[in-house]
Protein chains: 2
Amino acid sequence: MSSTLLAVTEPESRQDRKRRTRQALLDAALDLLADRAMTGLSLREVTRAAGVVPTAFYRHFASMDDLGVALVEQCMRTLRAVLRRARRSGAAMITDSVAVLAEQVRAAPAHFRFLVRERPGGIPAVRAAIATELRLLAAELATDLGRLPVMAEWETDDLRMAADLMVSAMLATVMALVEAEEFDEPEVVDVAARQLRLIALGIERWRPETP
Amino acid sequence: MSSTLLAVTEPESRQDRKRRTRQALLDAALDLLADRAMTGLSLREVTRAAGVVPTAFYRHFASMDDLGVALVEQCMRTLRAVLRRARRSGAAMITDSVAVLAEQVRAAPAHFRFLVRERPGGIPAVRAAIATELRLLAAELATDLGRLPVMAEWETDDLRMAADLMVSAMLATVMALVEAEEFDEPEVVDVAARQLRLIALGIERWRPETP
DNA sequence: CCTTTCGGTGAACACGTGTACACCGAAATG
DNA sequence: CATTTCGGTGTACACGTGTTCACCGAAAGG
């Protein structure tokens, strides 16, 4: 054990250090949320897991709700990546899209679990944040759908309806994936693909009748 | 204010009284869950709202988790009523089915809110209970679908897939209904009906190819 | 170099919590 | 009528919580 007392690590800018502990708090929270909901998460627990004293929390967030909203932002980035990646690898291939989704869920399960768990969850601010983000995502998907040849003539209203349905199905799949043991993940993926195919079939035959 | 000290209420059998306070606990919990998740609900709060001393709780439930599972049972009865009522009033009419759902949600919002909120929620026992109940419901719906002329020749596997999709859509609708202000409930109902119609269209054209 | 800024500290507080325990009184049982 | 059963009571305890406050030390800024 050498005892050179020279600074072995870079001095680290002050705002860099702040960013780091802020991220540590977010990570710690996400970790603890593996088996709990945000409601059952205490400030002290988070700071303890982040290796920081309780009062330091307030240097970064006004409250746990605040941290929750920040988590929504972070996790939503991961979810949006699914759409983006699916778009690149040929939006038409349903099987591929579902595969991308499954892959992303496997890569960052905590992010997806957080979203599906807190979506109807007990914290109004978080719930609202997720809701608006999902609305945005659905709108994005709707315009994507509108660019497909089959749906070029669709009313924006119907596009939105179809997009909402697909988002619902996707979230249900996410929940199943997050809950599933890994050995029956293929089954979940298969079912999701067939469901999407069923919807696609419906889309082909849709006509905007007014019943 | 007369002061006849005669027993004005029936003596009430002992197990009747027990049932009554047990139900009072369940009702109190459901009330408090209007704006909270189960994780954020304390035993003392529930007993306070039920007009009973904390320790009395244990005469009825081993823990809050236990009470949660009991709530699942109760709320699921309400949800199953939707399927039953929809079956009676002509299963073919999509519009009617959605109307029945909306009506039931309006009649007992707390029951539905509890189910959608705790489904991915933080309490394993409750989550598991809801999951199995929903599996049962989906299975039931699958056999229902199998009786329809259009789907008579379907594989049970595909029936299950379609039923799962419909349950997912239904639960998404329930969440929207529970969250929605009453004045845009018609919009939600309309979208749900169109989504179901889209699925129905897909079903008509489905053939069990193996891709 | 001196001063200010500010992320992190540690002690302290009032409070709500889950649960154990001994106890009560009336319904149930003989 | 005597006894047992049992739903509900009241007290008590140890514990984790959110938030307060004054304080520290080093980076940032003049």
Side-chain angles (χ1 to χ4, degrees), chain A residues 5-29 31-33 35-71 122-126, chain B residues 5-29 31-33 35-71 122-126:
Chain A
L5 290 178
L6 292 171
V8 68
T9 58
E10 284 295 303
E12 198 173 24
S13 132
R14 191 138 82 175
Q15 65 173 336
D16 276 0
R17 169 135 188 92
K18 176 161 187 180
R19 241 191 289 270
R20 224 173 45 120
T21 59
R22 186 190 136 100
Q23 193 57 46
L25 286 168
L26 289 169
D27 291 349
D31 259 25
L32 293 168
L33 287 173
D35 45 3
R36 277 206 279 299
M38 272 225 69
T39 323
L41 199 58
S42 81
L43 183 149
R44 289 178 108 106
E45 235 176 337
V46 174
T47 57
R48 211 178 302 138
V52 146
V53 99
T55 46
F57 183 92
Y58 296 105
R59 303 296 185 189
H60 304 273
F61 305 101
S63 63
M64 280 291 280
D65 292 16
D66 198 21
L67 179 141
V69 174
L71 271 181
I123 298 160
V126 173
Chain B
L5 291 180
L6 291 174
V8 67
T9 58
E10 286 293 304
E12 196 173 26
S13 132
R14 191 138 80 176
Q15 64 172 334
D16 277 359
R17 170 135 188 92
K18 176 162 187 180
R19 241 191 288 270
R20 224 175 43 124
T21 58
R22 185 191 136 101
Q23 192 58 45
L25 286 168
L26 289 169
D27 291 348
D31 260 24
L32 293 169
L33 287 173
D35 45 4
R36 276 205 282 297
M38 272 224 70
T39 323
L41 198 58
S42 80
L43 183 150
R44 290 177 107 108
E45 235 176 337
V46 174
T47 56
R48 211 178 301 136
V52 146
V53 98
T55 46
F57 182 90
Y58 297 104
R59 304 295 185 190
H60 304 274
F61 304 102
S63 64
M64 282 290 280
D65 292 16
D66 198 20
L67 178 141
V69 174
L71 272 181
I123 299 158
V126 173

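In what follows, chains are A, B, ... by sequence order, proteins preceding strands, each numbered from 1.
- Each of B/Leu32, B/Ile123, B/Asp65 was scored for a side chain to side chain contact (heavy atoms under 4.5 Å, CB included) with B/Met38, with one residue passing: B/Ile123.
- Look at CG on B/Leu43: it is 11 Å from P on C/dA20, rounded to the nearest Å.
- Looking at the side chain of A/Ser42, the nearest of the listed nucleotides D/dT17, C/dA11, D/dT9 is D/dT17.
- Rounding to the nearest 0.5 Å gives a distance of 4.0 Å between CG of A/Leu41 and CE of A/Met64.
- When the options B/Lys18, B/Arg14, B/Arg19, B/Arg20 are evaluated for a side chain to side chain contact (heavy atoms under 4.5 Å, CB included) with B/Asp16, the one that passes is B/Arg19.
- In this structure, B/Phe57 places its CZ atom 13 Å from P of C/dA20, rounding to the nearest Å.
- Residues B/Thr39 and A/Arg36 fail the side-chain proximity criterion, which asks for heavy atoms closer than 4.5 Å.
- By the 4.5 Å heavy-atom criterion applied to side chains, A/Leu43 and A/Tyr58 are counted as neighbours.
- Atom CZ of B/Arg14 is separated from atom C1' of C/dC24 by 13 Å (rounded to the nearest Å).
- Distance check: A/Ser13 OG to A/Gln15 CD gives 4.5 Å after rounding to the nearest 0.5 Å.
- Considering only side-chain atoms of A/Thr55, the nucleotide from C/dT5, D/dT5, C/dA11 that sits closest is C/dA11.
- Near DNA chain D, meaning a heavy atom under 4.0 Å away, there are no residues from residues 16-28 of chain A.
- Atom CZ of A/Phe57 and atom CZ of A/Arg44 lie 12.5 Å apart (nearest 0.5 Å).
- Taken residue by residue, residues 58-65 of chain A places heavy atoms nearer than 4.0 Å to DNA chain C at A/Arg59, A/His60.
- In this structure, CD of A/Glu45 is placed 14 Å from C1' of C/dT17, rounded to the nearest angstrom.
- Smallest separation of non-hydrogen atoms from B/Ala28 and B/Ala49: CB-CB, 3.8 Å.
- Nearest to the side chain of B/Ala56, among D/dG8, C/dT19, C/dA28, sits D/dG8.
- Closest to the side chain of A/Arg44, from the set D/dT19, D/dG10, D/dA28, is D/dT19.
- Between B/Leu26 and B/Leu67 there is a side-chain heavy-atom pair separated by less than 4.5 Å.
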